[in-house]
There are 2 protein chains.
Amino acid sequence: MTITQLYYVLAVAENQNFTKAAEKCFVTQPTLSMQIQKLEDELDVQIFDRSKKPIELTDVGKKIVIQARNIVNESYRIQDIVDQQKGFIGGEFKLGIIPTVMPTLLPMFLKAFIKKHPKVKLKIEELTTEEIITRINDGHLDAAIAATPLEVDTIKERALFYEPFVCYIPQGHRLHGKNNIDIAHLDIDDMLLLEDGHCFREGVINLCKAFKDHTDDEFQLESGSIETLIKLSNEGLGMTLLPYLHTLDMRENEKKNLHYFKEPSPAREVSIIFHKSELKMQIIESLQDVIAGIIRGAIAFQDVKIISPIHKK
Amino acid sequence: MTITQLYYVLAVAENQNFTKAAEKCFVTQPTLSMQIQKLEDELDVQIFDRSKKPIELTDVGKKIVIQARNIVNESYRIQDIVDQQKGFIGGEFKLGIIPTVMPTLLPMFLKAFIKKHPKVKLKIEELTTEEIITRINDGHLDAAIAATPLEVDTIKERALFYEPFVCYIPQGHRLHGKNNIDIAHLDIDDMLLLEDGHCFREGVINLCKAFKDHTDDEFQLESGSIETLIKLSNEGLGMTLLPYLHTLDMRENEKKNLHYFKEPSPAREVSIIFHKSELKMQIIESLQDVIAGIIRGAIAFQDVKIISPIHKK
DNA sequence: ATATTTTTATAGCCTAAATTGATTAACATG
DNA sequence: CATGTTAATCAATTTAGGCTATAAAAATAT
């Protein structure tokens with residue numbers, strides 16, 4: 001058994017296809033076929049059920065894949081140990097960011113981070129929380145920035161900052177003009193929400209539900225971006241909630257529609273998250289430092305109440 | 001990097017010698033030299049400091065060895081998964097047993113276990129607790145039977161039974177004839193003890209210390225076996241404590257000298273212990289079942305007070 | 001039902017890597 | 001200084017991994 005063989009198994013299991021997996025591994029398909037057969041012979045067990053199309057894992061195969069993932073990850077850590085010893089911070093680093101954090105936070109820290117670590121090849125992807133969790137678990141992401149707590153036991157979290165929710169209430173709305181909004185005043189029915197899949201949406205729903213038990217899940221107006229949300233709100237279609245950082249670079253005439261919650265303001269916890277195996281931990285910690293340093297000053301709310309970003313049934 | 005290379009590194013680290021390590025791996029010394037050099041080249045770091053005699057690990061080397069141990073162990077688990085799937089219970093199984101448990105417990109379960117699992121090649125070694133911990137950690141033991149709790153975070157414990165301490169008090173001793181001995185009556189100064197390194201000794205000391213603060217560590221009479229302890233006691237050199245199972249097959253005239261503690265009787269917890277990686281878990285669980293089944297009935301004390309087997313400073 | 005496409009397995013070949021035996025170099029020890 | 005021990009080096013051999021080409025099997029289209 002070799003680490004390479006295990007790596008091939010992972011590739012085939014992921015792609016459910018020898019040919020595609022071979023491309024990902026930069027070898028030819030016969031190479032994969034043979035190495036996997038060799039491993040199956042050695043263990044004297046079928047890992048893949050080749051009678052199914054697309055190809056499937058057998059029951060043992062599934063367990064072997066989990067273990068293979070472990071071993072391959074742990075093998076990466078040896079290079080990690082060496083890098084750490086040498087103080088070398090570099091290589092590819094794949095970071096996921098949720099859509100509602102991406103446009104505001106990324107410009108704040110990206111330059112500083114690249115300057116600090118020119119040898120790190122940052123690859124940033126905008127992904128939903130769900131996609132992030134999958135990719136951290138299968139090793140396709142080294143870390144991510146997401147709203148927490150997530151309660152996923154394979155993933156560790158380190159809080160970066162607490163970002164308050166701010167009300168955007170257009171003129172003519174019943175709450176317009178009021179400041180120090182109380183959570184109890186919110187009504188999910190005149191609240192514009194992001195599309196399904198955004199954890200900020202879940203946060204808002206959780207917040208509203210905290211005071212009113214609302215089982216009807218059919219929200220009428222939904223949008224894919226916060227910018228659109230603001231425009232829809234301006235059209236008089238309802239109020240909406242914005243993450244605090246989004247309110248910093250708004251036009252002056254729109255800023256007039258911002259209304260803050262009375263403290264403790266509801267807020268989301270934004271964290272850097274990563275697999276519990278703690279691979280590339282130096283880079284993660286450095287990124288954490290950079291963001292924490294930049295955010296300090298930008299957000300200065302004292303007392304916040306953290307809203308869960310996950311949908312509870 | 002290959003699993004084989006990591007295995008070679010472990011062998012050299014353990015033996016501090018390429019030639020001996022090569023023998024253990026069933027390859028020639030140049031093979032080891034070359035493979036380890038190759039790994040060092042690939043990682044671009046020295047794992048061994050070859051200027052020292054005997055050869056030593058570098059600082060990174062030490063960390064790499066820990067990680068290599070992980071990876072090699074995890075790779076064994078793949079075969080474990082396959083075996084488990086097939087319901088195959090077999091292969092080599094290395095079990096350590098502490099000296100004060102060995103002679104009484106081993107005869108009780110050995111036959112039954114061998115009969116239940118004829119394909120398992122049992123290798124049993126009598127070892128002190130300290131040796132057992134080292135060998136479980138470095139993978140030279142699959143499991144062991146020892147007094148617990150040990151508080152070693154790499155090792156898991158499963159209690160098998162609670163074995164009460166029984167007083168052996170020769171005629172003429174101040175406590176002779178009394179039954180329902182109270183712990184408070186014990187005096188470490190007229191207590192015969194096992195040699196250093198036996199955890200039963202530590203247990204007895206902890207027990208005596210519980211009531212009298214005794215800092216003088218110079219015990220006069222010490223012995224390497226419980227049999228000798230009894231003989232010394234018969235010579236009028238003091239009383240001693242015996243593990244309950246030892247009292248079952250004593251001669252009748254010696255049984256007269258046994259005095260039980262009043263409940264809750266002090267007792268040692270005897271457990272099957274194994275590395276947290278839980279390799280060969282089917283065998284371990286089966287062994288646990290066999291021993292638990294046999295001991296049931298042999299020990300029927302209701303209320304016991306567990307004495308720690310470790311020396312606390 | 002047949003042709004076409006897609007996908008995996010097989011075979012033969014080549015190259016690179018692992019291993020060995022023999023030898024050398026370095027070092028410690030009597 | 002000689003001797004024994006131990007790791008490194010070198011050339012030779014074996015083994016294993018990978019490639020190209022091709023066959024076989026299965027799915028899809030005609």
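Because the structure is predicted, anything quoted here is derived from the model rather than measured.
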Starting at atom CZ of A/Arg50, determine the distance to atom C1' of D/dA24, rounded to an integer number of angstrom.
15 Å
Distance, rounded to the nearest Å, where A/Gln35 contributes CD and D/dA16 contributes P
10 Å
DNA chain D contacts made by residues 54-71 of chain B, counting heavy atoms under 4.0 Å:
none
In whole angstrom, what separates A/Phe48's CZ from C/dA9's P?
10 Å
Determine, for B/Lys86 against A/Asp44, whether the closest basic-nitrogen to carboxylate-oxygen distance falls under 4.0 angstrom.
yes
Pairing residues for B/Glu74 by the side chain to side chain contact (heavy atoms under 4.5 Å, CB included) criterion, not counting sequence neighbours
A/Gln67, A/Asn70, A/Ile71, B/Arg77, B/Ser277
A/Lys121 meets the side-chain hydrogen bond (donor to acceptor under 3.5 Å, both in side chains) criterion, sequence neighbours left out, with none
Between A/Asp41 (CG) and D/dA16 (P), how many Å, whole number?
13 Å
Residues that B/Asp138 engages under salt bridge (charged side-chain N to carboxylate O under 4.0 Å, His left out), provided they are two or more places apart
none
Could I get the full list of side chain to side chain contact (heavy atoms under 4.5 Å, CB included) partners for B/Tyr76, not counting sequence neighbours?
B/Tyr7, B/Val72, B/Asn73, B/Leu279
My understanding is that only residues two or more places apart in sequence, or in another chain, count here; which of them pass side chain to side chain contact (heavy atoms under 4.5 Å, CB included) with B/Ser271?
B/Thr148, B/Glu157, B/Ala159, B/Glu269, B/Ile273
Does B/Gln37 place a side-chain N or O at less than 4.0 Å from the phosphate oxygens OP1/OP2 of D/dA7?
no
Classify the side-chain pair B/Asp41/B/Gln37 by whether it contains a donor and acceptor separated by less than 3.5 Å.
no
Residues in residues 3-21 of chain B with a heavy atom under 4.0 Å of DNA chain D, by number, are B/Asn17, B/Phe18, B/Thr19
From CD of A/Glu40 across to P of C/dT10 the rounded distance in Å is 11 Å
Taking CG from A/Leu39 and P from D/dA16, how many angstroms apart are they, rounded to a whole number?
15 Å
What is the distance, rounded to the nearest whole Å, between atom CD1 of B/Ile36 and atom C1' of C/dT19?
14 Å
Between CD of A/Glu23 and P of C/dT8 the distance, given in whole Å, is 11 Å
Output all residues satisfying side chain to side chain contact (heavy atoms under 4.5 Å, CB included) with B/Leu110, sequence neighbours left out; order by chain, then residue number.
B/Leu106, B/Ile114, B/Leu122, B/Ile124
For A/Thr128, all residues meeting side-chain hydrogen bond (donor to acceptor under 3.5 Å, both in side chains), sequence neighbours excluded
A/Glu131
A/Lys94: what forms a salt bridge (charged side-chain N to carboxylate O under 4.0 Å, His left out) with it, not counting sequence neighbours?
A/Glu92
Under 3.5 Å, side-chain donor or acceptor atoms of residues 20-30 of chain B against the rest of the protein: list the pairs with distances, not counting sequence neighbours.
residue, atom, partner, partner atom, Å
B/Lys24, NZ, B/Asn15, OD1, 3.0
B/Thr28, OG1, B/Thr31, OG1, 3.0
B/Gln29, NE2, B/Ser33, OG, 3.0

Starting at the 5' end of nucleotides 20-30 of chain C, put B wherever the base has a protein heavy atom under 4.0 Å, S where only the sugar-phosphate does, and a dash everywhere else.
BBB--------
